[in-house]
Student: 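Dumping the structure here so I can ask a few things about it.
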2 protein chains.
Amino acid sequence: MVQNKAKKHPSKQSVKVAVDNVIFTIISGELHILLIQMKKKPYTNLWALPGGLIRTGEDIDKAAVRILKEETGVSDVYLEQLYTFGKASRDPFGRVISVSYFALMPNSEMKLRTLKRYFDVKWCKFKDLPKLAYDHDEIAKYAKQRLEWKIEYTNVVWSLLPSHFSLTELQEVYEAILGDQLDKRNFRKKILALNLIESIGTKAMRGAHRPAALYRFKTKKQRIVEIL
Amino acid sequence: MVQNKAKKHPSKQSVKVAVDNVIFTIISGELHILLIQMKKKPYTNLWALPGGLIRTGEDIDKAAVRILKEETGVSDVYLEQLYTFGKASRDPFGRVISVSYFALMPNSEMKLRTLKRYFDVKWCKFKDLPKLAYDHDEIAKYAKQRLEWKIEYTNVVWSLLPSHFSLTELQEVYEAILGDQLDKRNFRKKILALNLIESIGTKAMRGAHRPAALYRFKTKKQRIVEIL
DNA sequence: CCAAAAGTGTTAACGCTACACCCATGT
DNA sequence: ACATGGGTGTAGCGTTAACACTTTTGG
């Protein structure tokens, strides 16, 4: 009987699968995520994570890439699956489960193009997040936790930085995400000891002060490394 | 047009959502996972992870609990979501995405009941895993990684142990999972320093040797802690 | 010459690793 | 008395954290 139930019910399954992306970037030293403003009722005018339904025959990972590209025009970013949110009640319109993804991109002064299905798109300071549609608050919070973990224990920071950067810029990324001041000397010692980055000869001349040496990541393959 | 595609295609969506559980336990010092033997073609006789489709209106987390209970009779175990496998080609019969879950249980000499829809159920040494149906090899491998990480950085080990245990038993769980010998004195020092367990007065009399002091976990709330 | 950010070393506390012998029990 | 697993401490080493001044540039 247990088996019967398990077999009968699900054949009536009518579930849709959506992908929602939590896209992080750093803008002038602060952590931002990408939000869209919805047209669809009952969430009209509310902000939400950019997302969409997967297509028949489309791998979920591919769908995430496609949706990211539709909404930002960008494709060369770090993207990984985050979590699947599957409460039956999470979408007032019907059964939709959301496979959430987590994206990191350098701040590219990108022109955001608003899609027809949305009123608007913007980068929003993570600290100042408005109330979001659906369970997107929860998804965003979860993504932030993952981000904190990831920058402490892996080398993914590269995906938030331009190809060349100064050590101060690198440190500022950590401070923006962890919300904490780090000691400059200790930070530099640790980062350099990890052997993940190397100095390129050139220096950045920016403003009335000593120019900073520029660095780049030796590799952009993900590695597990204790950074902080 | 991009929008049109995104709206049209998915409305034809016909996707099913399954839950697959990777259930770990330790049996006589070795890591095991629970496998079922399939009847369904084209995987007849092959071993696979226990799983099933979610029901309409059922939270995915609830479905995982239900399926776990159907297949083991047990409900008081540690269970968390692992990853969602969503390749379009992963099921030869149609579009099925699999939300995998990760379970830990103490070895309870549990009688396994084989469901009608399977030929058999058994605990299988993780080292001796046979080829599994679908992409279940990949899922099991992923779960093992998560397990290694979890026991090193959190206090979830409690969910693999009986309520009372000796320090040697605890150490053996670590060794079984990490596949590595640990130093007895250092292990004890660290574990005790973490303040997660406490000695209950009693001792275990087992065999012709000095009896071991028994311990229990002070709390079974999950915490992030560097253990090893 | 002043402002602004870049760059650079040392010390003390702590934690980790490696390592070997005695203890309590049953037979 | 012997076999079996339980239980215990220390010293050396490497890692981390705290801390302040000098350098280079533009204006």
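Naming: A, B, ... by sequence-line order, numbering from 1 per chain.
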Student: Any ion pair linking B/Glu138 and B/Lys87 (charged N to carboxylate O, less than 4.0 Å)?
Tutor: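 No.
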
Student: Just how far, in rounded Å, is P of D/dA18 from NZ of A/Lys184?
Tutor: 17 Å

Student: Could you give the CG-to-C1' distance, from B/Leu192 to D/dG9, as a whole number of Å?
Tutor: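 Result: 14 Å.
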
Student: Looking at A/Thr168, I'd like to know whether one of its side-chain N or O atoms comes within less than 4.0 Å of OP1 or OP2 on C/dA6.
Tutor: yes

Student: Could you state the atom-to-atom distance from CG of A/Leu194 to P of D/dT15 in whole Å?
Tutor: 12 Å

Student: Between A/Gln181 (CD) and D/dA18 (P), how many Å, whole number?
Tutor: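 From A/Gln181 CD to D/dA18 P: 13 Å.
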
Student: Between B/Arg210 and A/Tyr215, name the one whose nearest nucleotide on DNA chain C is closer to the 5' end.
Tutor: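 With B/Arg210 and A/Tyr215 compared, the 5'-side residue is A/Tyr215.
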
Student: Would you call the rings of B/Phe126 and B/Phe24 parallel, tilted or perpendicular if under 30° counts as parallel and over 60° as perpendicular?
Tutor: tilted

Student: Taking N and O atoms by type only, does the side chain of A/Arg185 place a donor or acceptor under 3.5 Å from a partner on the base of C/dA6?
Tutor: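 Check fails, no donor-acceptor contact within cut-off.
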
Student: How many whole angstroms separate atom CG of A/Leu170 from atom P of C/dA5?
Tutor: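 The answer, rounded to whole Å, is 18 Å.
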
Student: Among the candidates C/dG7, C/dT17, C/dC19, find the nucleotide nearest to the side-chain atoms of B/Lys190.
Tutor: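 The answer is C/dT17, which lies nearest to the side chain.
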
Student: Relative to the ring of B/Phe85, is the ring of B/Tyr142 parallel (under 30°), tilted (30 to 60°) or perpendicular (over 60°)?
Tutor: perpendicular

Student: Given atom NZ of B/Lys203 and atom C1' of C/dT25, what is their separation to the nearest angstrom?
Tutor: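 From B/Lys203 NZ to C/dT25 C1': 11 Å.
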
Student: Output the single nucleotide from D/dG6, C/dG7, C/dG9 whose closest atom is nearest the side chain of A/Arg188.
Tutor: C/dG7

Student: Of the nucleotides C/dA6, D/dC19, C/dA24, which has the atom closest to the B/Pro211 side chain?
Tutor: C/dA24

Student: Can you tell which of C/dA24, D/dG6, D/dA17 lies closest to the side chain of A/Lys189?
Tutor: D/dA17

Student: Measure from CG on B/Asn186 to C1' on D/dG14 and round the result to the nearest Å.
Tutor: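 After rounding, the reported distance stands at 15 Å.
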
Student: Rounded to the nearest 0.5 Å, what's the gap from CZ on B/Arg66 to CG on B/Asp59? Could you check?
Tutor: 11.5 Å

Student: Name the residue from A/Ile54, A/Ile60, A/Asp61 that meets the side-chain contact (heavy atoms from CB on, under 4.5 Å) definition with A/Val99.
Tutor: A/Ile60

Student: Can you measure B/Asp183 atom CG to C/dG15 atom C1' for me and round it to whole angstrom units?
Tutor: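 From B/Asp183 CG to C/dG15 C1': 15 Å.
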
